[in-house]
Amino acid sequence: QEKPIKISASRPEPSSTHDWIGPPNPLSNLRPIVYRVSENESDLEKQLRKLRQETEDWNHVFWTRQNVNFSKEKEAFIISQLKAKGLTLRGEDGRRHSLSSEEMAVFYKSFLDKNRMRHADYNREWYRRNFTITLLMARIALNDFWRTVTAKHRKKKNSTPTI
C-alpha cells in the first residue's frame, strides 16, 4: 500500500485574481501551482481549472515516485559496484567514493530500459490530458468571442439613430 504523496507543505487557498506558484518540491522537482478561481467562473472554466489542477497533482505524484525510485536504485547500484571493487561507500578519509561516468552510464541505460513502459504510459496520459486542456481553452475562447460579438450586435441593434 503506497502512502499518499504530499504536494506542498504550505499550499494556499485559491485566489480570485492570481495563480499561486510555489517553490520546487524537493522530491518531484516541480513547482506546485494553485490556479485562481474567477469570481464569475463559468462551468466550462471550472472544468478547465479542475482538470489543470488534477493534471498538476498527477504530474507531481508521478515524478515524486519516479525520482525516489531513481535515487534508491542509483544508490544501490553504486554500493554494489563499489563492493565488487572491494570498496566501501566512503574512503578512509571520509570522502565518498564515486563511479566513473562510463560505469554510471550502465545504470542510466538499465534504469531507462526497465522504466520504458512506465514512461511511455506517462507520456500518453500527459498528451491526452494536455490535448483535453487545450480543447477546453479553445472552447472558452470561442465562447468569450461569441459573447463579445453578440453583445456588440445587440448594442448596435438596440441603438436607434436620431435625426
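A quick note: this is a predicted structure, and the numbers were derived from the prediction, not measured. The residues of the chain are indexed from 1 along the displayed sequence.
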Minimum-distance pair of heavy atoms, taken over all atoms of T88 and L82: O-CD1, 3.8 Å
Rounded to the nearest 0.5 angstrom, the CG-CZ distance for L136 and F131 is 10.5 Å
Could you tell me whether the side chains of E56 and Y35 share a donor-acceptor contact shorter than 3.5 Å? yes
Any donor and acceptor pair, going by atom type alone, linking the side chain of T150 with main-chain N or O of R147 inside 3.5 Å? yes
Could you go through residues 104-111 and list every donor-acceptor pair under 3.5 Å that involves a side-chain atom there, pairing it with any protein atom two or more places apart or in another chain?
| residue | atom | partner | partner atom | Å |
| --- | --- | --- | --- | --- |
| K109 | NZ | D113 | OD2 | 2.6 |

Closest heavy-atom contact between L51 and T132? CD2-CG2, 3.5 Å
Does T64 reach the main-chain N or O of V61 with its side chain, forming a donor-acceptor pair under 3.5 Å? no
E54: salt bridge (charged side-chain N to carboxylate O under 4.0 Å, His left out) partners, not counting sequence neighbours: none
Looking only at heavy atoms, the pair that brings P32 and P23 closest together is CD-O, 3.1 Å
Shortest non-hydrogen contact between N67 and L27, atoms and distance: ND2-O, 2.9 Å
Atom pair NZ/CG of K114 and N69 - distance to nearest 0.5 Å: 8.0 Å
Working to the nearest 0.5 angstrom, can you tell me the gap between I140 CD1 and L135 CG? 11.0 Å
Specify the closest pair of heavy atoms between N40 and E45, including all atoms of both residues, with the distance to one decimal. O-OE1, 4.0 Å
Is the closest side-chain heavy-atom distance between H119 and L112 below 4.5 Å? yes
Salt bridge check: are R124 and D121 linked by an N-O gap of less than 4.0 Å? yes
Tell me, do L48 and M137 make a side-chain contact under 4.5 Å, heavy atoms counted? yes
For E103 and S100, indicate whether the former's side chain and the latter's backbone hold a donor-acceptor pair under 3.5 Å. yes
If you round to the nearest 0.5 Å, how far is CD1 of I133 from OG1 of T55? 4.0 Å
First locate atom NE2 of H97, then atom CD of Q81, and finally report the distance between them rounded to the nearest 0.5 Å. 14.5 Å
W58 ring center within less than 6.0 Å of Y122 ring center: yes
Rounded to the nearest 0.5 Å, what separation is found between the CG atom of D57 and the CZ atom of R52? 12.5 Å
ILVMFWY network linking F70 to I78, side-chain heavy atoms under 4.5 angstrom: yes
Quick one: do W146 and L44 end up in the same hydrophobic cluster if we chain Ile, Leu, Val, Met, Phe, Trp and Tyr together by side-chain heavy atoms under 4.5 Å apart? no
Atom of P26, atom of N29 and distance for their closest heavy-atom approach: O-OD1, 3.8 Å
Looking only at side-chain N and O atoms, does S38 offer a donor or acceptor that is under 3.5 Å from a partner on R36? yes
Test log, rule side chain to side chain contact (heavy atoms under 4.5 Å, CB included), inputs N25 and R31: CA-CA 6 Å; N25 180 281; R31 291 179 174 272; over 6 Å; no
R49 versus E41: any side-chain heavy-atom pair under 4.5 Å? yes
E125 vs R128, salt bridge (Lys or Arg N to Asp or Glu O under 4.0 Å): CA-CA, chis, key distance, verdict: CA-CA 5 Å; E125 179 64 11; R128 186 194 67 75; 2.7 Å; yes
